[in-house]
**Student:** 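The structure is given below, and queries will be raised subsequently.
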Amino acid sequence: MIAVYLLAIVLPALVLLYFGVASFQRQHQALDALLQANQRLSGEKLAAQLERQTGEAAQVLLRGDAEISTRKHPIAEYFFAMDRGRVTWPPVHTPPPASVGELLAAEPAGGRQEYAEQFQQAEIAEIRDGKLEAAVYGYRKASTIAVSEKLRALALQRVTRCLKKLGRASEAQQDLEALGSRYGDQTDLSHRPYSLLAALDLDAPAPEKAALWQEAARGHWPLSAEQLEYFAPLLGGGIDSGGAYSDHLRFARDFEEQFRYQGRLEPNTVYSFAFAANGRQYQTFYSLAERGSDDRLVGFAVNLDWVRAQVAAAGGRLVRKGWTEGREAHSTFPSLFPFWELAIAPGAGNPARGGILFQAGITALVLCLLLMGVVLLIRDLSRDANLNRMSADFVGAVSHELKTPITVIRLYGETLLEDDDFSAAQRREFYQIITRESDRLGQLIEKVLAFSKIDRGEKQYHLRVADMAPVVSRTVETYEPYLKRRGYSLEAQLAPALPHVSFDADAISQALVNLLDNAVKYSGESMSIAVRSYSSGGSAVLEVEDYGIGIPREEQEKVFERFYRACNAVPKGGYGLGLYQVRHTMDAHHGKVELESELRRGSRFRLIFPAAEMEPQT
Ligand code: ADP
């Protein structure tokens, strides 16, 4: 039977599941294709938008005649100015060496004259006359005259030169140190900073040189690209491992190398130029400078970090061209950024995908519910089957029980009819047997009728509000002789009065008898039983306790079901109806049954009746 049910439900469910999964897969594929197309489309849109944005920014940035070196914008990384094919800013080339005369010309009057004379004399002594001692003296004096630091440093540099020629190395060293520390930021006639020259001349330790290189690469002295390249190996640095300033210079130098004019340039027009050099790629914009000669250009390289951030904000990534990974869709830029592509990952949180996930969730939920239904059905079916079996057992057992007294009654009846020779005592005994057996018969029929009434929902309770104490004592008194006869001792602690509750006297009495019956049946070796009544929190409580076999914990709830008998119940003791009736009675009284039981220790059943609601006084 169960197998048929299973087939009828599980098979269609499996078929449904199969079609569900198949259609889910198809939808998934279609959606994937759609997603990819969508990705590409949104990538292309984004690429075009970025080009437009950078172009517009370039228009604004390259307009106006502000000094190019002062311009700043997040979109622009490296600004530059170019004049007749040579980058003039940032300084790619080193300007020609300055002369002392030029320096003096820039000097305010002050000590200029005095310095000029002193310096010239020293130079004559050094170069023309070869009088190095006198030259040292002269240069040293010049270095103390109140002129610019640059000129004083120059004189000091000459002092060190002469000292070296004289072979007075340690003195030369002292002066070099003074030159480096006091005039470190000044540059000599060839535009070289004294701190670098001094460090190299004194052969400073490597970490010191490396620190100087870092400063140079970050732009501490506005060195030219040529100078940086010259100093890099000497200081142990590399033009490629510098700071922002050296990056800027490297760009400018590469740009100068790669840039080619493409025809005649129009004023007020922005041009773009992309190039790669030394493993780096740049996208630049430039236009004719508004000031200066026709050939002067200003421009900048696009800051790729800025572009990356824009792309990331739109859910994509900027990647090198030809580079692919996973399920990303790639879109190229229409005309700019020839070295890069936009990669858009399959959109997380895409509404369509959300929809499909929702559908899948619903399908799974429906299947789960279906499965749960099947499980419940099977449980119900097996419970029904159990009940049917128990009910059949009951009918069988009752019929059997009915037959026994009837047979006995008929037997003794016939015996009495057929034979007159029995003594009065014998006859009396036979009548007693017939009476006892018909009593048993009556009780049994009573039981069956009571159950069937309850089962068909026809049982009626006649409730009235009163103290149930008298009913309880009467029932216990009636029952006690039966117990005593069977050798049990009954400990009765009955409250003389109980809270008023609403109850049906017959039903209560029957429930109490059922509990006492059970106490006897399941007492095992124990021969004592307790019955109590008391009030608790306004409720009336009846309690029956035995010290017998107890009920396994896992069956304590089930024993109240009809026909249920615990696994340790005596085999020929009953039909599993007594407690069912007790629970039914208590439900009808809006009360409850409590059970405390421990295996081989005994059981305590407690019937709790709620206090009756007081009728309002009229
Ligand atoms: P039964 O006619 O089998 O006694 P009941 O409905 O009265 O039917 O009880 C159901 C089952 O509960 C019993 O078969 C027995 O296993 C268990 N039971 C009831 N009362 C006790 C008790 N006092 N001690 C141990 N087991 C009990």
Side-chain angles (χ1 to χ4, degrees), residues 383 386-387 389-402 404 440-441 443-455 459 475-476 479-480 482-483 486-492 507-533 541-588 591-608:
R383 186 182 284 174
N386 256 345
L387 261 179
R389 189 176 40 72
M390 288 197 282
S391 174
D393 286 353
F394 171 66
V395 172
V398 167
S399 324
H400 180 75
E401 296 260 324
L402 285 174
T404 324
R440 249 185 76 188
L441 200 59
Q443 271 174 22
L444 199 61
I445 289 171
E446 196 68 34
K447 242 187 199 168
V448 175
L449 285 179
F451 165 69
S452 88
K453 248 190 191 168
I454 289 178
D455 211 33
K459 168 76 186 161
T475 312
V476 173
Y479 201 81
E480 203 172 2
Y482 166 76
L483 280 180
R486 301 190 61 174
Y488 287 90
S489 71
L490 181 71
E491 181 204 340
I508 293 308
S509 179
Q510 185 60 53
L512 193 53
V513 167
N514 284 1
L515 293 183
L516 288 166
D517 268 346
N518 281 351
V520 172
K521 266 193 287 186
Y522 305 112
S523 259
E525 313 272 276
S526 150
M527 296 306 278
S528 53
I529 287 164
V531 58
R532 299 178 197 103
S533 71
V541 183
L542 300 186
E543 211 173 82
V544 176
E545 186 172 8
D546 65 68
Y547 310 96
I549 63 171
I551 304 172
R553 180 167 296 277
E554 58 284 3
E555 291 184 271
Q556 286 179 7
E557 199 38 53
K558 291 187 183 159
V559 290
F560 293 98
E561 291 171 12
R562 58 182 171 175
F563 303 128
Y564 193 89
R565 309 203 65 217
C567 59
N568 61 341
V570 280
K572 272 198 161 184
Y575 313 104
L577 290 177
L579 290 182
Y580 173 67
Q581 191 182 10
V582 170
R583 156 108 9 126
H584 194 274
T585 304
M586 290 316 288
D587 285 348
K592 59 177 177 175
V593 196
E594 283 179 359
L595 165 59
E596 288 166 20
S597 181
E598 211 178 310
L599 270 183
R600 290 182 288 281
R601 282 281 172 83
S603 314
R604 183 190 300 195
F605 286 89
R606 197 175 292 126
L607 308 184
I608 303 171

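First listed ligand is number 1; within each ligand, the first listed atom is number 1.
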**Student:** For atom 27 (C) of ligand 1, which of Tyr580, Tyr522, Phe560 has the closest heavy atom?
**Tutor:** Tyr522
**Student:** How are the rings of Tyr479 and Tyr482 set to each other: parallel, tilted or perpendicular (split at 30° and 60°)?
**Tutor:** perpendicular
**Student:** Answer yes or no: is there a side-chain heavy-atom contact under 4.5 Å between Leu402 and Val448?
**Tutor:** no
**Student:** Using a strict cut-off of less than 4.0 Å between a Lys/Arg side-chain nitrogen and an Asp/Glu carboxylate oxygen, indicate whether Glu446 and Lys453 qualify as a salt bridge.
**Tutor:** no
**Student:** So, for Phe563 and Phe451, is the gap between ring centers shorter than 6.0 Å?
**Tutor:** yes
**Student:** I'd like to know if Gly548 contacts ligand 1, where contact means a heavy-atom distance under 4.0 Å to any ligand atom.
**Tutor:** no
**Student:** For ligand 1, which is the ligand I care about here, please tell me if Asn518 has any N or O atom under 3.5 Å from one of the ligand's N or O atoms.
**Tutor:** yes
**Student:** Only heavy atoms of Tyr564, strictly under 4.0 Å: list the atoms of ligand 1 that pass.
**Tutor:** 10 (C), 11 (C)
**Student:** Within a distance under 4.0 Å of any heavy atom of Lys521, pick out the atoms of ligand 1 and give their elements.
**Tutor:** 1 (P), 2 (O), 4 (O)
**Student:** Can Asp546 be said to touch ligand 1, with heavy atoms closer than 4.0 Å?
**Tutor:** yes
**Student:** Non-hydrogen atoms of Phe605 versus ligand 1: any pair closer than 4.0 Å?
**Tutor:** yes
**Student:** For ligand 1, which atoms have a heavy atom of Ile551 less than 4.0 angstrom away?
**Tutor:** 18 (N), 25 (C), 26 (N), 27 (C)
**Student:** Going by distance only, is there an N or O of Ala569 that falls short of 3.5 Å from an N or O of ligand 1?
**Tutor:** no
**Student:** So do Glu596 and Arg606 actually touch side chain to side chain, heavy atoms under 4.5 Å?
**Tutor:** yes
**Student:** N/O of Ile549 under 3.5 Å from N/O of ligand 1, yes or no?
**Tutor:** no
**Student:** Counting from 1, what ligand 1 atoms have a heavy atom of Ala566 closer than 4.0 Å?
**Tutor:** 14 (O), 16 (O)
**Student:** Answer yes or no: is there a side-chain heavy-atom contact under 4.5 Å between Leu607 and Leu515?
**Tutor:** yes
**Student:** Examine distances only and state if a side-chain atom of Gln556 and a backbone atom of Ile551 form a donor-acceptor pair shorter than 3.5 Å.
**Tutor:** yes
**Student:** Check whether more than 12 heavy atoms from other residues, nucleotides or ligands sit under 6.0 Å from atom CD of Glu557, and answer yes or no.
**Tutor:** no
**Student:** Only heavy atoms of Ser603, strictly under 4.0 Å: list the atoms of ligand 1 that pass.
**Tutor:** 22 (C), 24 (N), 25 (C)
